[in-house]
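Quick notes on the structure that follows.
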Amino acid sequence: MTQTLTIRRPDDWHLHLRDGEVLKAVLPETARHFGRGIIMPNLVPPVVTHEDAQAYHGRIMEALPEGMSFDPLMVLYLTEDTEPEDVARAHASGLVKAVKLYPAGATTNSASGVQDFTKVAAIFEKMAEIGLPLCVHGEVTDNEVDIFDREAVFIDRVLDPIRRAHPELRVVMEHITTKNGVDYARSGGDNLGATITTHHLIINRNHILVGGIKPHYYCLPVAKREEHRLALREAATSGDATFFVGTDSAPHTDPNKESACGCAGCFTATNTMSCLAEVFEEENALDKLEGFASLNGPAFYGLPANEATITLTKGDPVSYPAKIDTTDGPITVFDPGFPLHWSVEV
Ligand code: NCD
Ligand code: ZN
């Protein structure tokens, strides 16, 4: 008997769409299965103001192919010069659904991020007042801290103090990669949520480093030990509404990945739903997939779940392209390392 699963159309609560020709190439990969996406603002230059977000939203809608529907939920990139009134206006307009905190230097295009967290206290106060969530890239940038410890140290040194100072602020811990992140998110009450990527449910640090370096598995935060991957799997498939999918699909062209100083990011937009179905099936938790992919995220953001549905069907392995072509060069699609048996129909 064919096994099928129909769920509300999913949303992606952490997505990099880039700009220009790459935007045109990657947007359909997400819009094919996903209804909405929280659009990361780390362009060069970043999306800082309400006006920047309006313009970027326009470019995304222009890049959307005829006949596809997708609702980009815009995000402002927090800088030490961000103005509370601009944030409030952007939120009131309905266009902007979150503000993103990058510690300066933590990841791709984060040079304009925050160095001194006390300088953005007024923004956090305004956001708490108007109920606008803060999306947090949770890694310290201190050179003294080992890259595998940067998430855990960030929670103690930065995140917990911010949340104590602003208990009403709604915070999303983005792309958590550790058991420490899972435990902290669980203990945080209704104002704290956490996204988990597809690839962090599938790879650990051995996948990046054993048997030769695999640049397409390198992303930030970097994948950790197996015990952490297992903690993420347990959290994602537990049914706990704290956790929802944010793919962090982050396209870079092959020459930029396969380099002596390769860019961080896994491009997972194309096959994410098939990968997630495989993971949830393996954990005997297919009944929890809809919560993780389609219900918990909208609930955290105070939005309705999508009306439309998608149907996943189990059968012979589905094939996805190994790469997508762009005029800037090919972009490699995430290889989960196992066959994908779940096809997706919209
Ligand atoms: C992201 C990118 O390429 O923009 N890279 C990544 O490894 N996830 C930035 C980010 O979200 O950290
Ligand atoms: Zn990201």
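Start at 1 and go down the list; that is how both ligands and their atoms are numbered. Since the model is a prediction, treat every value here as computed from it, not as a measurement.
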Is the shortest side-chain N to carboxylate O distance from Lys100 to Glu174 below 4.0 Å?
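Looking at Lys100 and Glu174, the cut-off is met.
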What residues sit with at least one heavy atom under 4.0 Å from ligand 1?
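Lining ligand 1 at under 4.0 Å, by heavy atoms, one finds His14, His16, Arg18, Asn42, Thr107, Thr108, His137, His175, Cys219, Leu220, Asp248, Ala250, His252, Ala264, Gly265.
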Does some side-chain heavy atom of Leu17 sit less than 4.5 Å from a side-chain heavy atom of Ile60?
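Heavy-atom side-chain distance check passes, below 4.5 Å.
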Per the side chain to side chain contact (heavy atoms under 4.5 Å, CB included) rule, which among Val171, Thr242, Val172 passes with Leu192?
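So the option named by the test is Val171.
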Transitive ILVMFWY side-chain link Val75 to Val87, under 4.5 Å
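Different clusters.
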Transitive ILVMFWY side-chain link Phe70 to Ile324, under 4.5 Å
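Result: yes, single cluster for both.
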Could you pull out the N/O/S protein atoms under 2.8 Å of the Zn ion (ligand 2), ignoring any water?
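Less than 2.8 Å away from the Zn ion (ligand 2) sit His14 NE2, His16 NE2, Asp248 OD1.
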Lys NZ or Arg CZ of [X] over [Y] ring: under 6.0 Å, within 45°:
{"X": "Arg9", "Y": "Phe34", "result": "no"}
{"X": "Arg225", "Y": "Phe148", "result": "no"}
{"X": "Lys126", "Y": "Phe124", "result": "no"}

Centres of the His200 and His175 rings: under 6.0 Å?
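No; His175 has its ring centre 6.0 Å or more from that of His200.
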